[in-house]
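Side chains included, hydrogens not; waters and symmetry mates left out as well; all remaining heavy atoms used.
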Protein chains: 2
Amino acid sequence: MIARDQEDIDLATGLVRLSHLVQGVFARVSDRHDLTPAQARILCILAERPKGMAELAGLLGVEKAGLTGLVDRVEHRSLVERRAVPGDRRAWQVTLTGIGRQAAVTVHNEVCAELGEIVGELPPGERERLRRILARVITTHGVPPIFPAIAQRA
Amino acid sequence: MIARDQEDIDLATGLVRLSHLVQGVFARVSDRHDLTPAQARILCILAERPKGMAELAGLLGVEKAGLTGLVDRVEHRSLVERRAVPGDRRAWQVTLTGIGRQAAVTVHNEVCAELGEIVGELPPGERERLRRILARVITTHGVPPIFPAIAQRA
DNA sequence: TATTGTTATACTCTATAACTATA
DNA sequence: TATAGTTATAGAGTATAACAATA
């Protein structure tokens with residue numbers, strides 16, 4: 001017997017509320033590690049590889065002027081470093097420090113774990129269907145590599 | 001033939017990126033109507049019915065102290081009103097004004113339309129499956145009536 | 001000239017603590 | 001005392017505009 005109330009949630013409503021749920025998980029995990037969501041996002045993006053300020057701004061969807069302060073704050077906490085780029089004295093590469101990478105991996109793992117619990121009550125078949133549908137939507141719409149897969153060696 | 005790259009996006013990654021996509025839609029629609037996402041969220045919540053400050057704060061997930069300013073700003077723009085509650089002179093009911101309701105309906109419609117386009121390339125069967133899965137996850141986790149269904153008479 | 005990044009400024013969002021008024 | 005809401009304060013995030021240094 002299927003619960004009746006599940007039927008009157010339309011797709012858009014479901015998407016908005018799911019998004020609320022996911023953002024909540026991300027925010028709580030970030031907070032637990034004394035990071036703002038924006039800071040945690042930066043760390044996760046940089047876990048893929050170092051990036052220049054302009055590229056990082058583009059991935060985060062903020063103006064590069066705003067990124068200056070964001071990077072300043074995580075740099076003050078020794079989570080990232082600005083490294084000179086040989087051959088272009090205007091540019092900086094933002095890279096994770098050791099503890100920055102550790103933080104990125106931990107946040108990433110915990111977010112994955114909590115999201116795993118959220119979808120954990122779905123039957124495996126449904127879960128795999130959801131995964132495939134999401135993959136399709138994501139790739140179709142070219143969502144940037146926010147939250148990339150992270151190599152597990154901290 | 002299924003595209004290979006859709007297979008190496010795991011569920012957590014898909015959820016985080018989908019959430020990014022949805023938040024982006026919500027932010028762009030809000031901006032188009034000269035609203036911040038927080039303001040648009042308030043309007044959509046109030047479209048269900050008027051609410052007290054404490055209840056509204058709870059739904060938004062912010063402290064009531066912070067809500068004061070949020071409501072101040074939308075009230076200055078004549079989108080909501082604070083109405084006295086008969087029988088409790090401490091309390092206020094925050095209610096949509098006429099133009100506030102119009103704004104809520106418009107934002108809601110446009111968000112639904114844009115999300116509809118995003119999932120529009122899915123075959124109808126997949127779309128319905130996604131809807132059902134989302135409904136199940138949402139109801140299981142008691143996500144509050146953020147983004148309620150809205151009666152269409154503006 | 002175009003690009004990379006920063007500074008200056010202003011506003012929104014949000015939290016915490018202390019407060020007022022009413023129940 | 002407890003509850004509804006506000007004020008004060010501070011910090012984070014973000015946008016725009018103007019700027020410096022380099023390509």
Side-chain angles (χ1 to χ4, degrees), chain A residues 20 23-24 26-28 30-46 50-77 79-95 146, chain B residues 20 23-24 26-46 50-77 79-95 103 146:
Chain A
H20 187 259
Q23 297 294 310
F26 200 90
R28 261 181 291 111
S30 302
D31 194 60
R32 189 185 298 156
H33 295 281
D34 212 20
L35 296 167
T36 64
Q39 291 169 345
R41 208 147 54 225
I42 288 179
L43 299 186
C44 287
I45 290 176
L46 291 177
K51 306 204 189 286
M53 294 291 285
E55 185 184 5
L56 191 48
L59 288 169
L60 288 166
V62 302
E63 294 298 315
K64 59 186 179 157
L67 185 60
T68 296
L70 286 174
V71 170
D72 284 350
R73 284 184 286 275
V74 280
E75 188 171 35
H76 277 138
R77 297 186 45 187
L79 296 166
V80 309
E81 279 173 3
R82 274 183 252 234
R83 292 198 183 154
V85 172
D88 188 342
R89 285 159 54 196
R90 299 170 303 179
W92 297 99
Q93 284 272 312
V94 187
T95 71
I146 297 293
Chain B
H20 187 258
Q23 297 294 311
F26 200 90
R28 262 182 291 110
V29 171
S30 302
D31 194 59
R32 189 185 300 154
H33 297 280
D34 212 21
L35 296 167
T36 65
Q39 291 170 345
R41 209 146 52 225
I42 288 179
L43 299 186
C44 287
I45 290 176
L46 292 178
K51 305 204 189 285
M53 294 292 285
E55 184 184 5
L56 192 49
L59 288 169
L60 288 166
V62 303
E63 294 297 315
K64 59 185 179 159
L67 185 60
T68 296
L70 286 173
V71 170
D72 284 350
R73 284 183 287 275
V74 281
E75 188 170 35
H76 277 139
R77 297 186 46 188
L79 297 166
V80 309
E81 279 173 3
R82 273 183 254 234
R83 293 197 182 155
V85 172
D88 188 342
R89 285 157 56 197
R90 300 170 301 179
W92 297 100
Q93 284 274 312
V94 187
T95 71
I146 297 293

For B:D34 and B:R77, what are the C-alpha separation, side-chain angles and deciding distance, and is it a side-chain contact (heavy atoms from CB on, under 4.5 Å)? CA-CA 11 Å; B:D34 212 21; B:R77 297 186 46 188; 4.0 Å; yes
Output the rounded distance in Å from [atom1] ([X]) to [atom2] ([N]).
| X | N | atom1 | atom2 | value |
| --- | --- | --- | --- | --- |
| B:D88 | D:dA2 | CG | C1' | 12 Å |
| A:M53 | D:dA21 | CE | P | 18 Å |
| A:W92 | C:dT4 | CH2 | C1' | 11 Å |
| A:Q39 | D:dG13 | CD | C1' | 10 Å |
| A:R82 | C:dG5 | CZ | P | 10 Å |
| A:Q23 | C:dC13 | CD | C1' | 15 Å |
| A:E55 | C:dG5 | CD | C1' | 15 Å |
| B:D34 | C:dT12 | CG | P | 11 Å |

Closest nucleotide of DNA chain C for A:R90 versus for A:T68: which of these residues is on the 5' side?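 Closest to the 5' end, via its nearest nucleotide, is A:R90.
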Working to the nearest 0.5 angstrom, can you tell me the gap between B:L67 CG and B:L59 CG?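 Between atom CG of B:L67 and atom CG of B:L59 there are 10.0 Å.
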In Å and rounded to the nearest 0.5 Å, what is the NZ to CG distance from A:K64 to A:L56?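 Going from NZ on A:K64 over to CG on A:L56, the span is 13.5 Å.
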Return yes if some donor-acceptor pair links the side-chain N/O of A:E75 with the main-chain N/O of A:R82 below 3.5 Å, else return no.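 Yes, because the side chain of A:E75 sits within donor-acceptor range (under 3.5 Å) of the backbone of A:R82.
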Please write out the pairs of protein N or O atoms and N or O atoms of nucleotides 14-18 of chain C separated by less than 3.5 Å, giving the distance to one decimal.
residue: C:dA15; atom: OP2; partner: B:E63; partner atom: N; Å: 3.0

Run the side-chain contact (heavy atoms from CB on, under 4.5 Å) check on B:I42 and B:L79 step by step: do they pass? CA-CA 10 Å; B:I42 288 179; B:L79 297 166; over 6 Å; no
Within-4.5 Å side-chain heavy-atom neighbours: B:R28 and B:D31: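 When only atoms from C-beta onward are counted, B:D31 and B:R28 do not touch, as no gap falls below 4.5 Å.
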With a 4.5 Å heavy-atom cut-off, do B:I45 and B:I146 have their side chains touching?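 Side chain of B:I45 against side chain of B:I146, heavy atoms only: contact under 4.5 Å found.
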Phosphate-side-chain proximity, A:T36 and D:dG13, N/O vs OP1/OP2 below 4.0 Å: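 True: A:T36 side-chain N/O within range (under 4.0 Å) of D:dG13 OP1/OP2.
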Does A:R89 put a side-chain nitrogen or oxygen below 4.0 Å from OP1 or OP2 of D:dT22?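 So the side-chain polar atoms of A:R89 do come within 4.0 Å of the phosphate oxygens OP1 or OP2 of D:dT22, strictly under.
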